[in-house]
There are 2 protein chains.
Amino acid sequence: MKNRLKVLRAERDWSQQELATRLDVSRQSVNAIETGRYDPSLPLAFRIADIFAMPIEEIFLRK
Amino acid sequence: MKNRLKVLRAERDWSQQELATRLDVSRQSVNAIETGRYDPSLPLAFRIADIFAMPIEEIFLRK
DNA sequence: CGTCGTTGTCAAGCATCATTGACAAATAGG
DNA sequence: CCTATTTGTCAATGATGCTTGACAACGACG
């Protein structure tokens with residue numbers, strides 16, 4: 001499951017720590033998701049979608 | 001995190017077992033998600049969305 | 001050169017998701 | 001009434017997600 005987190009974060013000029021704080025998760029979690037080591041839980045995926053104001057399907061990609 | 005699985009399943013007249021088979025998960029997993037005992041993983045949420053041919057946001061609801 | 005911010009990664013531990021096998025209760029159909 | 005199907009739930013186990021704390025490598029900047 002790929003994702004566009006790194007790009008979306010770059011567009012906003014946010015550090016991983018900044019995004020992690022907004023999501024209320026650890027910086028390591030953001031990093032792990034970005035580097036594809038694991039997928040977020042569904043509730044966290046919703047929070048991510050909310051913060052970037054776009055549907056989950058536009059952030060996380062099947063494959 | 002609420003969801004509309006039970007209704008969507010009823011619309012298609014599928015048993016929990018039938019949906020579980022289509023999703024390639026156990027019947028207990030479908031039941032647990034339907035009865036709100038836990039949320040599916042993001043990959044499973046995508047498979048559910050695919051099977052019902054609608055976005056995740058229309059099946060799973062924040063709250 | 002030294003320092004700071006950022007990123008990637010590891011380990012250990014706890015929480016959550018998903019499994020199998022089992023059982024009881026409710027429902028539907030013959 | 002009898003039987004098969006469906007649903008809800010339990011326990012135990014394994015796989016993932018998320019945490020803290022730590023450390024190394026890098027680029028930017030004084």
Side-chain angles (χ1 to χ4, degrees):
Chain A
M1 177 133 273
K2 279 180 61 85
N3 70 70
R4 308 206 314 118
L5 243 58
K6 189 167 185 168
V7 170
L8 294 171
R9 199 166 53 73
E11 287 174 354
R12 288 156 184 78
D13 197 27
W14 291 346
S15 66
Q16 292 182 345
Q17 178 59 71
E18 232 169 300
L19 175 56
T21 300
R22 288 172 192 264
L23 290 171
D24 195 34
V25 294
S26 69
R27 178 185 70 82
Q28 286 85 340
S29 288
V30 169
N31 181 271
I33 293 165
E34 264 192 25
T35 56
R37 294 196 289 113
Y38 57 72
D39 297 315
S41 67
L42 185 58
L44 179 50
F46 266 93
R47 277 184 275 150
I48 292 171
D50 287 344
I51 283 182
F52 290 117
M54 50 179 70
I56 289 178
E57 280 86 352
E58 285 183 25
I59 302 175
F60 299 93
L61 314 172
R62 298 162 183 76
K63 75 186 186 56
Chain B
M1 178 133 274
K2 280 181 62 84
N3 70 72
R4 309 204 313 119
L5 242 57
K6 189 169 187 167
V7 171
L8 294 172
R9 199 165 54 72
E11 287 175 353
R12 288 157 184 77
D13 197 27
W14 291 346
S15 66
Q16 290 182 347
Q17 178 58 71
E18 230 169 303
L19 176 56
T21 301
R22 288 172 191 267
L23 291 171
D24 195 34
V25 294
S26 70
R27 178 186 71 82
Q28 286 85 339
S29 287
V30 169
N31 182 272
I33 293 165
E34 263 191 28
T35 57
R37 295 197 288 110
Y38 56 72
D39 297 315
S41 66
L42 185 58
L44 179 50
F46 266 93
R47 276 184 275 151
I48 293 171
D50 286 345
I51 283 183
F52 290 117
M54 50 179 69
I56 289 178
E57 278 87 351
E58 284 182 26
I59 302 176
F60 299 93
L61 315 171
R62 300 163 180 75
K63 79 186 182 54

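In the text below, chain A, chain B and the rest are named by the order of the sequence lines, each starting its count at 1. Scope of the values below: all heavy atoms of this structure, side chains included, with no hydrogens, waters or symmetry mates. Please read all numbers here as calculations on a predicted model, not as lab measurements.
Spacing between atom CD of B:Glu34 and atom C1' of D:dT6 amounts to 11 Å, rounded to whole angstrom units. Distance, B:Asn3 CG to C:dC17 P: 12 Å, rounded to whole Å.
Not a single salt bridge (Lys or Arg N to Asp or Glu O under 4.0 Å) links B:Arg47 to another residue, sequence neighbours left out. Scored by the side chain to side chain donor-acceptor pair (under 3.5 Å) test, A:Thr35 finds no partners at all (sequence neighbours excluded).
Overall, the helix from C:dC1-D:dG30 to C:dG30-D:dC1 carries an axis bend of 40° between its ends, with five pairs at each end and the value rounded to 10°.
For B:Lys6 and D:dG8, the shortest distance from a side-chain N or O to OP1 or OP2 is below 4.0 Å. Between B:Asn31 and the phosphate of D:dT7, there is no side-chain N or O to OP1/OP2 separation shorter than 4.0 Å.
Each side-chain hydrogen bond (donor to acceptor under 3.5 Å, both in side chains) pair with one or both residues in residues 7-22 of chain B, not counting sequence neighbours, appears once here: B:Arg9-B:Glu34, B:Gln16-B:Asn31, B:Gln16-B:Glu34, B:Gln17-B:Thr21.
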Per-pair distances, 0.1 Å, donor-acceptor, side chain in residues 37-46 of chain A, under 3.5 Å, sequence neighbours excluded:
| unit_1 | atom_1 | unit_2 | atom_2 | d |
| --- | --- | --- | --- | --- |
| A:Ser41 | OG | A:Leu44 | N | 3.2 |

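Criterion: ILVMFWY side-chain heavy atoms under 4.5 Å apart, direct or through other members. Under it, B:Phe60 and B:Met54 are part of a common hydrophobic cluster. Taken together through direct or relayed side-chain contacts under 4.5 Å among Ile, Leu, Val, Met, Phe, Trp and Tyr, B:Met1 and B:Leu61 form parts of separate hydrophobic clusters.
Of all the heavy atoms in A:Asn3 and A:Ile33, the pair that sits closest is ND2-O, 3.0 Å. Closest approach of A:Ala49 and A:Pro55 over heavy atoms only: CB-C, 4.3 Å.
Put simply, CD1 on B:Ile48 and CD1 on B:Ile56 are 8.5 Å apart, with the number rounded to the nearest 0.5 Å.
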Expected string for nucleotides 13-30 of chain D under the B/S/- scheme (protein heavy atoms, under 4.0 Å, primed atoms plus P, OP1, OP2 as sugar-phosphate) is ----SBBBBB--------
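Less than 4.0 Å separates DNA chain D from at least one heavy atom of each of the following residues of residues 12-22 of chain B: B:Ser15, B:Gln16.
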